[in-house]
Amino acid sequence: MAKAPILAPRGDDFAQWYQDVVAKAELAENGAVRGTMVIRPYGYGLWERMQAEMDARIKACGAENVYLPLFIPESYLRREAEHVEGFSPELAVVTVAGNKPLEEPLVVRPTSETLFGELMAKWIQSYRDLPLLLNQWANVVRWELRPRIFLRTTEFLWQEGHTAHATQEDAAAYARRILIDAYRDFMVNVLAMPVLVGAKTARERFAGAVNTMTCEGMMGDGKALQMGTSHELGQNFAKAFGMEYLGDTGTLQHCWTTSWGTSTRMVGGLIMCHGDDDGLRVPPAVAHIQAVVMVVRDDDAGTVAGEGRRLVAELNAAGVRTRLDDQVATGFGRRATDWELKGVPVRIEIGPRDLAEGAVTLVRRDERTKAPAPIAGIAETVSGLLAEIQGNLLAQATAFRDSRLTDVASIDEAIEAGRTGFARIPWELVGDDGEDRLAEHAITVRCLQTPEGGVPDGDDGPLQAIVARSY
RNA sequence: CGGGACGUGGCGCAGCCUGGUAGCGCACCGCCUUUGGGUGGCGGGGGUCCCCGGUUCGAAUCCGGGCGUCCCGACCA
């Protein structure tokens, strides 16, 4: 009965467990080049669902999609001093092409602020062209010293938004809107991850930004994962790239810009937030397979498999993303285990016994509970169950986060609390020196919040720092 | 880029110390059996032992140098 565990126990070796899940759930594997990854169909399906949900929210915020080139002239990067300084250690640069040395090296984009800057400067003439709200889905390359699949890879997939505005206020409001209405809404309601939002400290800021805001998730080992960032870039890039517009008073002014991104890192976050000893647990809203109809055993007439196919069709027609598993040649236990590893939210088991009762057996992945349900009205039953699972995963993740979020009143206490989770400490007790002390224990300030847990906007009075170890 | 561990069929490992031409489990293929929680049996296919060089009659094994993976730090979505 007690088989050897398929995965390293999550509590014993979280890092090994994570890698086991990625491999056994067939999400991804390493590419031939260090730091690159091959995303397999099941993993890519998760990303596609994330893309669809994020894209809809980005568009709801008014941005349109574009595609810009992979290669950036090296000289573009150099135009913004902090930006080039921040990114130069991570750049991959093409110096030879067509068998000849290039006159000007080409940078493989690590992010596209500079290209957007150059183009927006060309496209913007007057205040009537503003705001200019753009987004692109692309791959980027940052030469990583310590790759971790999904979490930190040399090449990754992401969306990067870039906007230009007439005023500082407008830019600030938009960067905040993306963070809250697109990112946080997506992470909480789709990924079922109760992320904390806030502003980065000066040392954690994006290279070239005047303000970086972030969504921070808590992983199953209590460490933080930065899930998405939104930056106010002030006029830094506008000045570097000559992004100017003629105002309604006839005077030429520099634009105010923002940029914001989320990446395939979120797939890693999903695994580490919801996974358990049996594998992944995918929230129904991101699951590209929400339910699997599993034929336990067929009869000679093929009645059970036939009913299984009918159920799949009925569920798909009702909007439940459903797949059939009629591989009865493979043992029941094996197939059940595999679907659990992949984290499919609901398993609908059907065998001769069920069929005789006019019922199926519903198994919830989140709670591992089984219950019979009548075949009549199955789509409605499953839809309701999916909604319940979605809510339960968020509730569990929230309860876990709260249990590991400790209010403290000193750096020493913060260091102690940071061993197992997040610490919340008044920012005036930390400061730049405090950040140094925390760093000695591999703890960083993940974000600064208002006392109510909101994103600071400049005059909120005393702030709280959320500090933790992080990925 | 520093410190540590490890590279042997697809995956997980043994063999290495004490050189003699590669083995186990899982997976895969065939047949039978089984099917409500990783079925069981019989038969079968598959390996440049990470790479390069050295020592030797002979290297998975000993020596040197690379490369890669994982863990811990510094840097980052």
Side-chain angles (χ1 to χ4, degrees), chain A residues 1-8 13-16 18-20 22-24 26 29-36 85-91 110-111 138-160 183 200 203-207 212 214-217 224-231 259-269 278-279 294-299 304 326-341 347 349-357 359-361 363 368 370 372 439-442 444 469-471:
Chain A
M1 191 71 195
K3 290 271 182 184
I6 296 153
L7 307 168
D13 188 343
F14 195 80
Q16 186 61 50
Y18 174 76
Q19 287 174 176
D20 286 352
V22 169
K24 297 282 175 54
E26 300 179 335
E29 57 196 57
N30 289 320
V33 174
R34 176 186 167 79
T36 60
E85 191 190 331
F87 277 104
S88 67
E90 307 180 59
L91 296 182
T111 178
N139 59 337
V140 287
V141 168
R142 298 179 186 177
W143 216 252
E144 286 293 344
L145 301 175
R146 193 182 161 190
R148 264 170 168 281
I149 201 155
F150 284 120
L151 301 175
R152 194 186 300 101
T153 47
T154 281
E155 180 188 11
F156 58 90
L157 305 181
W158 77 344
Q159 61 68 215
E160 52 175 321
Y183 290 178
K200 288 292 187 185
R203 71 172 67 185
E204 298 284 332
R205 225 173 256 158
F206 177 75
T212 289
T214 181
C215 295
E216 299 282 328
L225 182 72
Q226 181 173 308
M227 302 272 294
T229 49
S230 184
H231 317 288
S259 70
W260 24 279
T262 55
S263 73
T264 38
R265 169 179 275 190
M266 290 191 293
V267 178
D278 295 326
M294 196 174 147
V295 177
V296 175
R297 185 159 58 92
D298 208 354
D299 54 23
V304 182
D326 59 356
Q327 302 297 303
V328 290
T330 302
F332 170 84
R334 177 51 191 265
R335 290 184 289 147
T337 307
D338 283 345
W339 290 117
E340 276 163 12
L341 274 168
R347 207 165 63 237
E349 298 176 0
I350 180 168
R353 256 158 39 198
D354 302 292
L355 213 51
E357 306 280 328
V360 293
T361 303
V363 188
R368 282 206 226 62
K370 288 192 183 195
E440 289 167 17
H441 299 267
T444 50
R469 293 176 303 148
S470 73
Y471 280 96

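Below, read A as the first sequence line, B as the second, and so on, with proteins coming before strands; counting in each chain starts at 1.
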Annotated protein contacts, base or backbone, on nucleotides 24-33 of chain B with a non-hydrogen cut-off under 4.0 Å, one of B, S, - each: ----------

How does protein reach along nucleotides 71-77 of chain B, written 5' to 3' as B (base within reach of a heavy atom under 4.0 Å), S (only sugar-phosphate), or - (no contact)? SBBB-BB

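Here, B/A22 and B/G45 have their P atoms 15 Å apart, quoted to the whole Å. Nucleotides B/U39 and B/A27 are separated by 16 Å at their C1' atoms, to the nearest Å. Comparing the C1' positions of B/U8 and B/G41 gives a spacing of 29 Å, expressed to the nearest Å. Rounded to a whole angstrom, the distance from the P atom of B/G20 to that of B/C16 is 9 Å. With both ends at atom C1', the span from B/A59 to B/G53 equals 13 Å, rounded to whole Å. Distance noted for atom C1' between B/G9 and B/G25: 13 Å (whole Å). Look at the C1' atom in both B/C76 and B/G68: the space between them is 22 Å, to the nearest Å. With both ends at atom C1', the span from B/C24 to B/U69 equals 23 Å, rounded to whole Å.
With a 3.5 Å ceiling on both atom-pair distances, the Watson-Crick or G-U wobble partner of B/G23 is B/C13. Within the shown strands, nothing qualifies as a pairing partner of B/U34 under the Watson-Crick or G-U definition with both distances less than 3.5 Å. Pairing for B/C6 is with B/G68, a Watson-Crick or G-U wobble pair whose two hydrogen-bonding atom distances lie under 3.5 Å. Remark: B/C62 base-pairs with B/G54. Criterion, Watson-Crick or G-U wobble with two distances under 3.5 Å. Of the nucleotides present, none pairs with B/A77 by Watson-Crick or G-U wobble criteria with both distances under 3.5 Å. Here B/U48 sits opposite no nucleotide as a Watson-Crick or G-U wobble pair (both hydrogen-bonding atom distances under 3.5 Å).
Summarising the geometry, the separation between CZ on A/R347 and C1' on B/G37 is reported as 8 Å, rounded to the nearest angstrom. When rounded to the nearest whole Å, the span between CD of A/E29 and P of B/G12 equals 12 Å. Atom P of nucleotide B/G12 and atom CG of A/D20 are separated by 9 Å, given to the nearest angstrom. Distance, A/F14 CZ to B/C70 P: 17 Å, rounded to whole Å. The CZ atom of A/F332 sits 13 Å away from the P atom of B/U35 (whole-angstrom rounding).
No donor-acceptor distance shorter than 3.5 angstrom exists from the side chain of A/R297 to the backbone of A/G351, with no hydrogens or angles considered. Although no hydrogens or angles enter the test, the distance criterion places a donor-acceptor pair under 3.5 Å between the side chain of A/T154 and the main chain of A/E144. A/R152 places no side-chain N or O within donor-acceptor distance of the main-chain N or O of A/P147, the cut-off being under 3.5 Å. A/T212 places a side-chain N or O within donor-acceptor distance of the main-chain N or O of A/F206, the cut-off being under 3.5 Å.
Residue A/E340 places its side chain closer to B/G37 than to any other of B/U35, B/G37, B/C70.
With a 4.5 Å cut-off on side-chain heavy atoms, A/E160 and A/V140 count as touching. Counting heavy atoms from C-beta on, the side chains of A/L225 and A/M266 never come closer than 4.5 Å. Between A/W339 and A/V363, the closest side-chain pair of non-hydrogen atoms is not below 4.5 Å.
Side-chain atoms of A/R34 stay outside donor-acceptor range of the base of B/G68, with no qualifying N/O pair under 3.5 Å. The base of B/G37 sits with one of its N or O atoms less than 3.5 Å from a complementary donor or acceptor on the side chain of A/K370. Judged by atom type and distance alone, A/R368 does not reach the base of B/G37 through any side-chain donor-acceptor pair under 3.5 Å.
Residue contacts for A/N30: at a heavy-atom cut-off of 4.0 Å it reaches the sugar-phosphate backbone alone, with no base atom in range. No engagement by A/G261 is indicated, since no non-hydrogen atom pair under 4.0 Å with the nucleic acid exists. Looking at heavy-atom distances under 4.0 Å, A/T361 makes contact with a base.
Note on A/E340 versus A/R368: no salt bridge recorded, every NZ/NE/NH1/NH2 to OD/OE distance being 4.0 Å or above.
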Check step by step if side-chain hydrogen bond (donor to acceptor under 3.5 Å, both in side chains) holds for A/T262 and A/Q159. CA-CA 6 Å; A/T262 55; A/Q159 61 68 215; 2.8 Å; yes

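The aromatic rings of A/W260 and A/Y183 sit perpendicular to each other, their planes meeting at more than 60°, with 30° as the lower class boundary.
Between A/V328 and A/L341, the residue anchored closer to the 5' end of RNA chain B is A/V328, taking for each the nucleotide with the nearest heavy atom.
The side-chain hydrogen bond (donor to acceptor under 3.5 Å, both in side chains) with A/R334 is formed by just one residue from the set A/T337, A/D338, A/T330; it is A/D338.
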